[in-house]
K.L.:
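Here it is, the structure in full.
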2 protein chains.
Amino acid sequence: MEPTATVLDLNQLRRSCSSCALQELCLPAGIGADDLNRLDATVKDKRMLDRGAVLYRDGDKFNALYVVRSGSLKTFVQNESGNMQILAFHLPGEIIGFDALASNQHVSHAEALERSSICELPYTQLQQVTSEVPALHRQLMRVISREVVEEHRHLMMMGRQQAQEQLATFLRSLSDRYQRLQRDGTALNLSMSRYDIANYLGLVVETVSRLFSRMEEMGVLEVNRKSVRILRPDLLAGLCRTDVASKQKGVG
Amino acid sequence: MEPTATVLDLNQLRRSCSSCALQELCLPAGIGADDLNRLDATVKDKRMLDRGAVLYRDGDKFNALYVVRSGSLKTFVQNESGNMQILAFHLPGEIIGFDALASNQHVSHAEALERSSICELPYTQLQQVTSEVPALHRQLMRVISREVVEEHRHLMMMGRQQAQEQLATFLRSLSDRYQRLQRDGTALNLSMSRYDIANYLGLVVETVSRLFSRMEEMGVLEVNRKSVRILRPDLLAGLCRTDVASKQKGVG
DNA sequence: GGTGCCAGTTGACCTCCGTCAATTGGTCGC
DNA sequence: GCGACCAATTGACGGAGGTCAACTGGCACC
């Protein structure tokens with residue numbers, strides 16, 4: 001609105017890794033000050049994405065990895081029949097684009113869920129730095145590994161949990177990640193639509209809508225469109241578990 | 001059986017990366033002869049696993065990555081309520097253990113589906129080599145990225161496909177991987193049980209069993225316990241797609 | 001300030017797949 | 001070669017969640 005806001009924004013955008021609040025969540029975690037400056041030099045560009053803007057799409061040539069600085073994104077794949085599957089929602093500090101390492105081109109899409117700011121790490125330069133800074137190399141591997149582990153959780157959720165358990169697990173995971181960002185973990189402001197949540201969980205939107213209503217009736221949540229307050233974290237935690245004896249699916 | 005067989009086996013086990021038939025599918029892909037020898041030196045041990053033997057389990061300290069040399073393994077996660085979700089089946093040339101990079105300990109289990117031979121890559125030594133051989137470093141990143149992409153496919157399958165489409169997709173994917181191993185892609189010898197297949201797909205064993213029967217009736221497959229022949233690859237391919245217009249799940 | 005549009009909610013209905021139970025057949029140990 | 005056991009198959013049934021339809025309420029755009 002007023003010009004000062006824009007100026008502040010630009011200042012924020014130009015801040016270096018060493019002064020970034022996300023430092024401990026991002027690639028720099030555990031990197032010494034000297035090496036941090038070298039990494040900082042590779043961060044080419046800190047750009048803004050409007051809601052709905054595409055960061056990369058399936059087929060795009062691989063140029064860079066991206067760090068979410070503020071806002072949030074979704075990544076998704078589409079198959080030949082046009083079906084879409086959301087892979088993850090990405091909050092500040094998370095790095096995306098690893099899918100493109102395998103074939104030198106992206107095989108998924110990344111789209112902003114709200115106005116978001118992004119750090120771009122051109123890969124050739126990043127490779128240069130990681131080859132000189134072993135700690136950074138290890139850290140980069142750890143970050144990719146985190147993505148693998150996170151996808152394991154997603155698969156477990158989709159394969160073995162009932163709809164209500166899935167939504168409860170999803171909300172708890174969001175809550176945890178909010179807390180890590182020093183935000184209130186009980187007052188969620190969902191940047192994704194009900195459609196996105198449903199798709200992420202392998203459900204349809206009506207089911208998700210009904211589950212939100214049901215959890216509100218149960219006194220677990222207070223739901224007001226995008227704003228969700230967790231009233232009873234204990235009950236929510238209870239909703240995440242399947243009674244293993246009752247389901248063959250569970251035993252394996 | 002006869003002693004010569006054992007001797008041959010041991011010889012096979014002791015073969016180096018440079019003479020390994022899996023070279024092009026494995027970490028060495030695209031690595032020069034000199035560097036290959038250096039990699040070869042880090043391959044500590046080529047051990048055998050019997051059917052059901054555990055290579056690593058959740059909580060194990062991270063020591064090494066592992067390459068499947070022959071046979072096959074499954075990897076799976078278990079949650080606090082004891083539910084199990086199979087993440088993948090691993091054929092020769094595939095590298096497993098990346099889940100442990102994030103936290104320095106494994107967060108999944110790996111178990112042999114049949115008698116299998118494994119190459120062990122102790123990670124500290126591997127790191128040494130990759131830091132000296134940039135091409136190997138890049139290749140290692142590509143291999144992890146392949147795992148990420150493969151998990152995307154798994155998520156798409158679980159989230160957006162019907163049971164029959166899932167099984168068809170699974171069989172086609174197995175067939176493709178057999179072909180890459182220079183085997184007949186139409187005569188599959190399933191090393192995993194129906195329970196494993198069901199679990200992998202997020203279904204129950206009865207559903208999988210019925211689907212095999214149905215596909216046999218349709219003339220797509222010829223099923224005889226573990227041995228599955230794909231009679232009509234064209235039909236099988238057709239069974240993989242969802243009609244997108246008919247399903248809200250598909251649109252997103 | 002109207003209005004058109006889309007996200008979200010709710011209800012009624014139905015289907016796909018999970019559950020339970022019975023049976024078959026292969027394999028392993030003795 | 002016999003029995004025990006478990007993987008796999010098949011049938012009958014039920015329910016969780018998908019489908020279709022109607023409705024509501026925000027919000028953006030004239």
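Throughout, a chain's letter reflects where its sequence line sits, starting with A, and its residues are numbered from 1. Note that the structure is a prediction, hence the values are computed from the model and not measured.
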K.L.:
Knowing that exactly one of A:Val208, A:Ile197, A:Leu167 qualifies, which makes a side chain to side chain contact (heavy atoms under 4.5 Å, CB included) with A:Leu203?
P.N.:
A:Val208

K.L.:
Of the nucleotides C:dT10, D:dG17, D:dA8, which one has an atom closest to the side chain of A:Ala163?
P.N.:
D:dG17

K.L.:
Report yes if at least one side-chain N or O of B:Thr207 is closer than 4.0 Å to OP1 or OP2 of C:dG18; otherwise report no.
P.N.:
yes

K.L.:
Measure the distance from CG on A:Leu201 to P on D:dG18 and round it to the nearest whole Å.
P.N.:
10 Å

K.L.:
Is there a donor and acceptor pair, one atom on the side chain of A:Arg210 and one on the base of D:dT19, closer than 3.5 Å?
P.N.:
yes

K.L.:
Would you list the pairs meeting salt bridge (charged side-chain N to carboxylate O under 4.0 Å, His left out) in which at least one residue belongs to residues 209-232 of chain A, sequence neighbours left out?
P.N.:
A:Arg232-A:Asp234

K.L.:
In whole angstrom, give the distance that lies between atom CG of A:Leu211 and atom P of D:dG18.
P.N.:
9 Å

K.L.:
Any base atoms under 4.0 Å from B:Ser193, or only sugar-phosphate, or nothing? Heavy atoms, all strands.
P.N.:
sugar-phosphate

K.L.:
Mind calculating the distance between CZ (A:Arg194) and P (C:dC6) to the nearest angstrom?
P.N.:
19 Å

K.L.:
Between the base of C:dC16 and the side chain of B:Gln162, is there a donor-acceptor distance below 3.5 Å?
P.N.:
no

K.L.:
A:Phe212 CZ to C:dT10 P: how many Å, rounded?
P.N.:
12 Å

K.L.:
Enumerate the residues from residues 218-232 of chain A whose closest heavy atom to DNA chain C is under 4.0 Å, giving them by residue number; use none for an empty result.
P.N.:
A:Lys226

K.L.:
What nucleotide among C:dT10, D:dA8, C:dG18 has an atom nearest to a side-chain atom of A:Ser213?
P.N.:
C:dT10

K.L.:
Using the salt bridge (charged side-chain N to carboxylate O under 4.0 Å, His left out) rule, collect all pairs that involve residues 168-184 of chain A, keeping only residues at least two apart or in two chains.
P.N.:
A:Glu94-A:Arg177

K.L.:
Is there side-chain contact between A:Arg160 and B:Asn79, with heavy atoms separated by less than 4.5 Å?
P.N.:
no

K.L.:
How long is the gap from CG on A:Leu174 to OG1 on A:Thr169, to the nearest 0.5 Å?
P.N.:
11.5 Å

K.L.:
In whole Å, I'd like the distance from the CG atom of B:Leu113 to the P atom of D:dA7.
P.N.:
14 Å

K.L.:
From C-beta outward on A:Glu206, which listed nucleotide comes closest to its side chain: D:dG18, C:dG18, D:dA21?
P.N.:
D:dA21

K.L.:
Whole angstroms only, please: what is the CG-C1' distance between A:Leu203 and C:dG8?
P.N.:
16 Å

K.L.:
Classify the side-chain pair A:Gln85/B:His152 by whether it contains a donor and acceptor separated by less than 3.5 Å.
P.N.:
no

K.L.:
Using atom CE of A:Met192 as one end and atom C1' of C:dA7 as the other, report the distance to the nearest whole Å.
P.N.:
15 Å

K.L.:
What is the distance from CE of A:Met158 to P of D:dG17, rounded to the nearest Å?
P.N.:
14 Å

K.L.:
What I'd like to find out is whether the side chain of B:Ser191 reaches to under 4.5 Å of the side chain of B:Arg51, using heavy atoms alone.
P.N.:
no

